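Quick caveat, the model's predicted, so the values are computed rather than measured. To find a chain, count down the sequence lines: A is the first, B the second, and so on, and within it residues start at 1.
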2 protein chains.
Amino acid sequence: MPNKRFEKLAAALENTDFDAIALNPGPTLTYLTGLDFHLMERPVVLVYAPGKVPAIILPQLELQKLSGLPYELKAHPYGENPAEWGQSFRNALFELDLYGRTIGVEPRRMRVLELRLVENGAPGAHVIAAEQELASLRLRKDADEIANMRRAVQIAQDALEATLPQIKVGMSEREIAAELTVQLLRHGSQPEMPFSPIVSGGPNSANPHASPSERKIQPGDLLVIDWGAAYEGYISDLTRTFAVGEVDPEYRKIHESVQQANAAGRAAGKPGVACAEVDKAARNVIEAAGYGEYFTHRTGHGIGMEGHEEPYMRGDNQQLLKTGMAYTVEPGIYLPGRNGVRIEDDMVVTENGCESLSNLPREIRTVG
Amino acid sequence: MPNKRFEKLAAALENTDFDAIALNPGPTLTYLTGLDFHLMERPVVLVYAPGKVPAIILPQLELQKLSGLPYELKAHPYGENPAEWGQSFRNALFELDLYGRTIGVEPRRMRVLELRLVENGAPGAHVIAAEQELASLRLRKDADEIANMRRAVQIAQDALEATLPQIKVGMSEREIAAELTVQLLRHGSQPEMPFSPIVSGGPNSANPHASPSERKIQPGDLLVIDWGAAYEGYISDLTRTFAVGEVDPEYRKIHESVQQANAAGRAAGKPGVACAEVDKAARNVIEAAGYGEYFTHRTGHGIGMEGHEEPYMRGDNQQLLKTGMAYTVEPGIYLPGRNGVRIEDDMVVTENGCESLSNLPREIRTVG
């Protein structure tokens, strides 16, 4: 049985300079092969050259994963001694006639470990980033992929709703994050989640990338919860902001602005619209409210098998949306040292516009 | 206040060719700086050159993480547009006088993304693996680190004991893994765990790297559970093998052999002994029992901030153990297509021998 995704890769490499692609464990390798390897201290590399049987270099003790594959894949296993790695790489790259050729890699995934083995295993080869060619493969999601993402969103939403009644004043951010993680698992998330929940209250909520701390939430805090689930290798990534008891009226005002910005960002996407326009739609609302300087990040990022992937909703990104692209809309306002707000949904571009996979209430809700 | 761990790095670089070290997010960066960054689509790189103020290149929106650091660190932030990355790298590397110099990196951590930015940001520089120099930093654990590892082991043990009574015939491997993960969190593991639990029953237990599947456990299975917790950035990694109801007498026999091999491996470690001797001690027992060909992997790996790190307990590794080194002892026997056994403990080398941080019963216990 031919592997249709290898054929898709072959098409993506047509009219490029790439003679082959080398991939280490990660979503693209899984997308192409259906195989799931962890990134470990031992190298695992798939080498694909159009028109040839692909090769995989891997530890002997991982060989069982290849049994029953419905397509051809030539294994080059090595034993426990790292001194054997080089020979397996040389054999694979020689058999694929890649000495002196141009080999593309994923710059955010390929490590120096595998890079040097590929470079040394294929003398004279040029190993360069094939970022666009590889990102294009997973950019437009098919119906099965969207169904998995929808399920990942539903698991995340159900898990949050199960967590909210348990949040009390005096709980630490870490305790809330742990409880939410428990609920994500109970509701069916894969144990390997896209990221650990961000739970940040009060001044910590003004840091968009805060890690949950031992700080206990208290009345007057805004509480930002940014979380996601994983289902069949596809993920969700949502954010909602809550009031702990009574909060400063300004905090309600910035929440209102972010909510409007989120709505404008969600409404802006459709086929043919540039990513920059989605960013602009959300940003305009926050700038008009006078908080432009406190919206310190892009409006969103692509989502699918990775938490962050193409396309990016940035003001300088003229990439045009197409059906099946999926991304977050997550404007925020962060008042340094005080409090912050972010509201994030997961969108998929449809024939006529775009759809939010997430539908949890976006209004400010009170917890604690 | 001087950063003592930077001083340790400076000492490790003495008498080497390295003029500087460049690190992207991961345990070594955290070990040196106390800072915790995620590996993301945006590059974050720390550059350390002995005798100079270290530099960090990072997104503007991560700048808050640097506030209140008790030592000097020069930030080179960049904005949302990736076109700004190059300039931040050039500035940092120019200020540290690294054009044309030799810069060391972690080959298992540094990606092509950051590598190319460092190479292009420091014209003429040689960027090469500084594997031993960097691994040496975290190789011998101090008392605080061992205390964290001890706590991570205790959390893992308590979580397993809370899970065992819930395991019933007919549960799937995934259900058991999810319940164990819940218990790890409830008992205090950080949400970012070293790895997801491996739960593999029956024929799947004969695959040392199986992922939990939908297969339901049934009487006659061996059940391998390989799990760990994280505490303050330090991890544990344990394995026990259980009988589901009555099992084939040969399975009890291989369990007995593995238990003896585990004991021999645990007893073998002390200062001055080569890692190969630990491997040999465990392997000899299994070979004497006639199952040598079914013990298909090394006896153990180092453990600390990472699930797998130096030193490795391999037959070809003549590295000598020293006090404070920590590693797993995890012999196994895997009968292909049938069942497998592994028993794993976490060891720390002491003045006179070594100590197992884990003390869960190793005898075969019956579940279900």
Side-chain angles (χ1 to χ4, degrees), chain A residues 36 38-42 59-62 64-65 80-83 105-116 127-129 174 177-182 185-186 188-193 195-197 206-212 296-298 301 306-309 312 314-316 334 336, chain B residues 36-42 59-62 64-65 80-83 105-116 127-129 174 177-179 181-182 185-186 188-193 195-197 206-212 296-298 301 306-309 312 314-316 334 336:
Chain A
D36 197 11
H38 286 92
L39 202 55
M40 290 180 69
E41 72 277 16
R42 303 180 186 92
Q60 262 158 9
L61 84 164
E62 301 269 26
Q64 288 183 53
K65 287 192 178 166
E80 283 286 351
N81 188 341
V105 298
E106 290 181 301
R108 287 175 175 74
R109 184 63 58 175
M110 178 67 64
R111 303 178 296 185
V112 170
L113 171 70
E114 295 95 355
L115 174 73
R116 298 308 190 208
V127 183
I128 58 181
R174 282 197 193 178
E179 184 56 38
L180 176 53
T181 306
V182 165
L185 291 165
R186 288 223 191 277
S189 177
Q190 293 175 209
E192 297 194 19
M193 293 190 209
F195 58 96
S196 296
N207 175 3
H209 281 189
S211 296
T296 49
H297 56 72
R298 63 193 174 203
H301 52 77
E306 286 183 285
H308 290 182
E309 57 182 52
Y312 291 96
R314 274 198 325 261
D316 64 322
Y334 310 94
Chain B
D36 196 11
F37 290 98
H38 285 94
L39 202 54
M40 290 179 68
E41 73 277 17
R42 304 180 186 90
Q60 263 158 10
L61 83 162
E62 301 267 27
Q64 288 183 54
K65 286 192 178 167
E80 283 286 351
N81 189 340
V105 298
E106 289 180 303
R108 289 176 174 73
R109 185 62 59 175
M110 177 69 63
R111 303 177 297 185
V112 170
L113 171 71
E114 294 95 355
L115 174 74
R116 298 307 190 210
V127 183
I128 58 182
R174 283 197 192 177
E179 184 56 38
T181 306
V182 164
L185 291 164
R186 288 224 191 278
S189 176
Q190 293 175 211
E192 297 194 20
M193 292 188 209
F195 59 96
S196 296
N207 175 3
H209 281 190
S211 296
T296 49
H297 57 72
R298 65 194 172 202
H301 52 77
E306 285 182 285
H308 290 181
E309 57 183 50
Y312 291 96
R314 273 198 325 262
D316 64 323
Y334 309 94

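Between B:Arg298 and A:Glu41 a salt bridge is recorded (basic side-chain N to carboxylate O distance below 4.0 Å).
Heavy atoms only, all atoms of each residue included: A:Ala178 and B:Leu185 are closest at O-CD1, 4.3 Å. When all heavy atoms of A:Arg314 and B:Glu80 are compared, the pair lying nearest together is CD-O, 3.2 Å. Between B:Pro208 and A:Leu61, the shortest heavy-atom contact is CG-CD1, 4.1 Å.
The CG atom of B:Leu113 sits 13.0 Å away from the CE atom of A:Met110 when rounded to the nearest 0.5 Å. Note that the OG1 atom of A:Thr296 and the CD atom of B:Glu62 stand 10.5 Å from one another [nearest 0.5 Å]. A distance of 10.0 Å separates CD in A:Gln190 from OG in B:Ser211, rounded to the nearest 0.5 Å. The line from CE of A:Met193 to OG1 of B:Thr181 is 7.5 Å long, rounded to the nearest 0.5 Å. In this structure, NE2 in A:His209 is found 7.5 Å from NZ in B:Lys65, a value given to the nearest 0.5 Å.
Between chain A and the residues B:His301, B:Arg174, B:Arg186, B:Arg109, the largest count of heavy-atom pairs under 4.5 Å involves B:Arg186. The choice from A:Val105, A:Asn207, A:Val127 that makes the most heavy-atom pairs within less than 4.5 Å of chain B is A:Asn207. When the candidates A:Ser196, A:Pro191, A:Ala83 are compared by the number of heavy-atom contacts under 4.5 Å with chain B, A:Ser196 comes out ahead. The choice from A:Arg42, A:Glu306, A:Glu106 that makes the most heavy-atom pairs within less than 4.5 Å of chain B is A:Arg42.
The shortest side-chain heavy-atom distance between A:Leu115 and B:Pro107 does not fall under the 4.5 Å cut-off.
With sequence neighbours excluded, the residues forming a salt bridge (Lys or Arg N to Asp or Glu O under 4.0 Å) with A:Glu114 are A:Arg111, listed by chain and number. When the salt bridge (Lys or Arg N to Asp or Glu O under 4.0 Å) test is applied to B:Glu192, no partner is found at least two apart in sequence or on another chain.
Interface remark: A:Gln60 contributes no atoms to any contact with chain B (heavy atom separation under 4.5 Å). Interface remark: B:Asn81 contributes backbone and side-chain atoms alike to the contact with chain A (heavy atom separation under 4.5 Å). For a residue to count as touching a neighbouring chain, one of its non-hydrogen atoms must lie under 4.5 Å from one of that chain's; by this rule B:Glu309 does not touch chain A. Only the side chain of A:Tyr312 comes within less than 4.5 Å of a heavy atom of chain B; its backbone N, CA, C and O stay farther away.
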